[in-house]
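Residue numbering restarts at 1 for every chain, and letters A, B, ... go by the order of the sequence lines.
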Number of protein chains: 2
Amino acid sequence: MSKIIPVRNESKKETISKNASKLFRKKGFSATSMRELAVDIGVEASSLYNHIGSKSELLQIICFKVANDFINQINELEQIEIDVTIKLEKIIRFHIHKMLEDYDMVYVANHEWKHLQEPFLKNFLNQRKLYENKLIELIKIGIFEKSIKKLNPQVLAFTILSAVRGLEFWQQHKKNIDIAELEKTMVTQLLNGIIK
Amino acid sequence: MSKIIPVRNESKKETISKNASKLFRKKGFSATSMRELAVDIGVEASSLYNHIGSKSELLQIICFKVANDFINQINELEQIEIDVTIKLEKIIRFHIHKMLEDYDMVYVANHEWKHLQEPFLKNFLNQRKLYENKLIELIKIGIFEKSIKKLNPQVLAFTILSAVRGLEFWQQHKKNIDIAELEKTMVTQLLNGIIK
DNA sequence: TTACAAAACTAACGCTTATTCGTTTTTAAT
DNA sequence: ATTAAAAACGAATAAGCGTTAGTTTTGTAA
């Protein structure tokens, strides 16, 4: 008989979630079977149900963990009194670090959330919209304070989010690009542009 | 008995592909069943196989149609002798227009390509890399000519691609944002930055 | 050592899946 | 009206799905 062995001080549920993140990212939520997940962990599929409620629950855990991390960060940022442009820079850098640390989970939250069941789907999209709106508000302040160009704040926000959400590419080029250069380049491009 | 009725001068295969694009986008490739697709078209699932070879073939058609469109555009652009920054602007605008015209197909090509079977998967990724490399080369020329800032060309290229690939958000905000403003804002942000 | 709970196992359920088969209906050309 | 091809159908297939039930093994504490 095999066993689920949690690494470090993780619970077994966390171990399963981590493995699920990896598979959901690689194969997609729908194309990943509980039997595959079980093989990956080294246990029978039915044994997983001693620790989790359902396949769907795994997706919930992943998506809301990520959503909360981002909401928390932007909430903290709101409290601090620094220039808007510096806040934007911090947000971009946070996205880059999250994508580095929790690649699988962030990827799944970005790409597989549509397979959440109600009411979790609505809930997740509300969280997302909340985050987007906070970013838009930040940009509006910047425009008001004349530190940011007078452009459509919604588009500016979505472009930043699209750019950082697309950071998956970085995983495949880890060796070529070092993280400090990545950060510097993206922050410069998104905030200052690329044309001399 | 029902029938597959092609609109305009499309073939029936094209009609099926269009419908498949819509469903693959909404539900994902794996979560879309041939029965659902059949219902959408108004026919029995088995009847589809008079026109297509397999579910997988539908994904191939979609992904390679999109890949070819983008490759063709950047190839044409290579021939023209205009400033690099104007080429970049044209590329960004082309992405915006494609996302507007063929939303479902472009979305599927961007998000569901991983479900392609070999050798199509490798083939598609090669096409993608080819496109990315052409964009990187363009940026390198710009840096050499000193019209573009000396930053990591790979990161610059991927950030632009991430930003335009994320243009899905626009579909949900069609009413609020008009396309001319969208184009202007994104081009300005990505090329000139947002800070005054 | 005994006893209990946690967590593994095997086996199965009911359902859905993509696809195939043989047949019938429809369409279009002679 | 006759014929042949195209395209629909219903039924069936084999495989895979998430999940449950009942049972056995394992780990822990008295």
Side-chain angles (χ1 to χ4, degrees), chain A residues 1-7 9-24 26-63 108 112 114-118 120-121, chain B residues 1-7 9-24 26-63 108 112 114-118 120-121:
Chain A
M1 194 226 279
S2 197
K3 243 198 89 177
I4 299 180
I5 301 159
V7 294
N9 47 2
E10 279 174 354
S11 74
K12 291 171 190 183
K13 200 163 184 171
E14 280 170 334
T15 303
I16 296 173
S17 301
K18 280 264 172 70
N19 272 272
S21 300
K22 193 185 68 189
L23 286 180
F24 291 170
K26 277 206 249 184
K27 313 199 47 176
F29 174 76
S30 294
T32 302
S33 76
M34 294 302 280
R35 285 169 175 85
E36 283 177 287
L37 176 57
V39 167
D40 223 53
I41 295 177
V43 91
E44 291 297 319
S46 55
S47 304
L48 296 173
Y49 288 85
N50 285 318
H51 306 281
I52 60 154
S54 65
K55 183 186 180 186
S56 205
E57 193 203 4
L58 288 174
L59 186 60
Q60 290 159 30
I61 291 171
I62 296 165
C63 289
V108 169
E112 303 292 325
K114 69 171 71 163
H115 299 105
L116 285 168
Q117 298 173 332
E118 297 292 3
F120 303 100
L121 179 56
Chain B
M1 196 224 278
S2 198
K3 242 197 87 176
I4 299 178
I5 301 161
V7 295
N9 48 2
E10 277 175 356
S11 74
K12 291 169 189 183
K13 200 164 184 170
E14 281 170 334
T15 304
I16 296 173
S17 301
K18 280 265 173 69
N19 271 274
S21 299
K22 193 185 70 188
L23 286 180
F24 291 170
K26 277 205 249 184
K27 312 198 50 178
F29 174 76
S30 294
T32 301
S33 74
M34 294 302 278
R35 285 169 176 82
E36 281 176 289
L37 176 56
V39 167
D40 224 51
I41 294 178
V43 91
E44 291 297 319
S46 55
S47 305
L48 295 173
Y49 288 86
N50 285 317
H51 307 282
I52 60 155
S54 65
K55 182 186 180 185
S56 205
E57 194 203 4
L58 288 173
L59 185 61
Q60 290 159 30
I61 292 171
I62 296 166
C63 289
V108 170
E112 303 292 325
K114 71 171 69 163
H115 299 106
L116 285 168
Q117 299 172 332
E118 295 294 2
F120 303 100
L121 179 56

- Message: Tell me whether the side-chain N/O atoms of A:H51 come closer than 4.0 Å to OP1 or OP2 in C:dA6.
- Response: no
- Angle between terminal axes - the helix from C:dT1-D:dA30 to C:dT30-D:dA1, 5 pairs each end, rounded to 10°: 10°
- Could you give the CD1-to-C1' distance, from A:I52 to D:dT19, as a whole number of Å? 10 Å
- Report which part of the nucleic acid B:S30 touches: base, sugar-phosphate, or nothing (heavy-atom distance under 4.0 Å, all strands). nothing
- Out of curiosity, B:S21 OG to B:I16 CD1, how far, rounded to the nearest 0.5 Å? 11.5 Å
- Task: Would you mind classifying the nucleic acid contact of B:S46 as base, sugar-phosphate or nothing, using non-hydrogen atoms under 4.0 angstrom?
- Result: base
- Roughly how far, to the nearest 0.5 Å, is CG of B:L23 from NZ of B:K18? 14.0 Å
- Item | Value in whole Å for how far the P atom of C:dA6 lies from CG of A:L48 | 18 Å
- Query: How many Å lie between CD on B:Q117 and C1' on C:dA18, as a whole number?
  - Reply: 11 Å
- Could you work out which one of C:dC9, C:dA7, D:dA7 sits closest to the side chain of A:V43? C:dC9
- Query: Quick one: CZ on B:R35 to CG on B:L48, what's the gap to the nearest 0.5 Å?
  - Reply: 11.0 Å
- In whole Å, what is the span from the OH atom of A:Y49 to the P atom of D:dA21? 13 Å
- Could you give the distance from CG (A:L58) to NE2 (A:H51), rounded to the nearest 0.5 Å? 12.0 Å
- How many angstroms lie between CD in A:E57 and CD1 in A:I62, if you round to the nearest 0.5 Å? 10.5 Å
- Query: Expressed in angstrom and rounded to an integer, what is the separation of B:L58 atom CG from C:dT17 atom P?
  - Reply: 16 Å
- Which nucleotide, D:dG18, D:dG10, C:dT17, lies nearest any side-chain atom of B:E44? D:dG10
- Query: Is there a donor N/O on one and an acceptor N/O on the other, under 3.5 Å, for the side chain of A:N50 and the base of C:dA8?
  - Reply: yes
- Roughly, in whole Å, what's the span from CG in A:L37 to P in C:dA8? 13 Å
- Message: Could you go through B:D40 and B:K22, starting from their C-alpha distance and side-chain angles, then the distance that decides it, and tell me whether this counts as side-chain contact (heavy atoms from CB on, under 4.5 Å)?
- Response: CA-CA 10 Å; B:D40 224 51; B:K22 193 185 70 188; 3.0 Å; yes
- Of the candidates D:dA8, C:dA18, D:dT19, the side chain of A:K55 sits closest to D:dT19
- Item | N or O in side chain of A:S33 less than 4.0 angstrom from D:dC17 OP1/OP2 | yes
- So, the side chain of B:K55 versus the backbone of B:F29: is there a donor-acceptor pair under 3.5 Å, distance only? yes
- Give A:S56 one of three labels, base, sugar-phosphate or nothing, depending on what nucleic acid heavy atoms sit under 4.0 Å from its own. nothing
- Nearest of D:dT19, C:dT20, D:dA7 to any side-chain atom of B:K12? D:dA7
- Message: Please determine whether a side-chain nitrogen or oxygen atom of B:S47 lies at a distance below 4.0 Å from atom OP1 or OP2 of D:dC9.
- Response: yes
- A:R35 (side chain) and D:dG16 (base): donor-acceptor pair under 3.5 Å: no
- Message: Rounded at 0.5 Å granularity, tell me how far CE in A:M34 sits from CD1 in A:I52.
- Response: 3.5 Å
- Can you check the B:M34 CE to C:dT20 P distance for me, whole Å? 10 Å
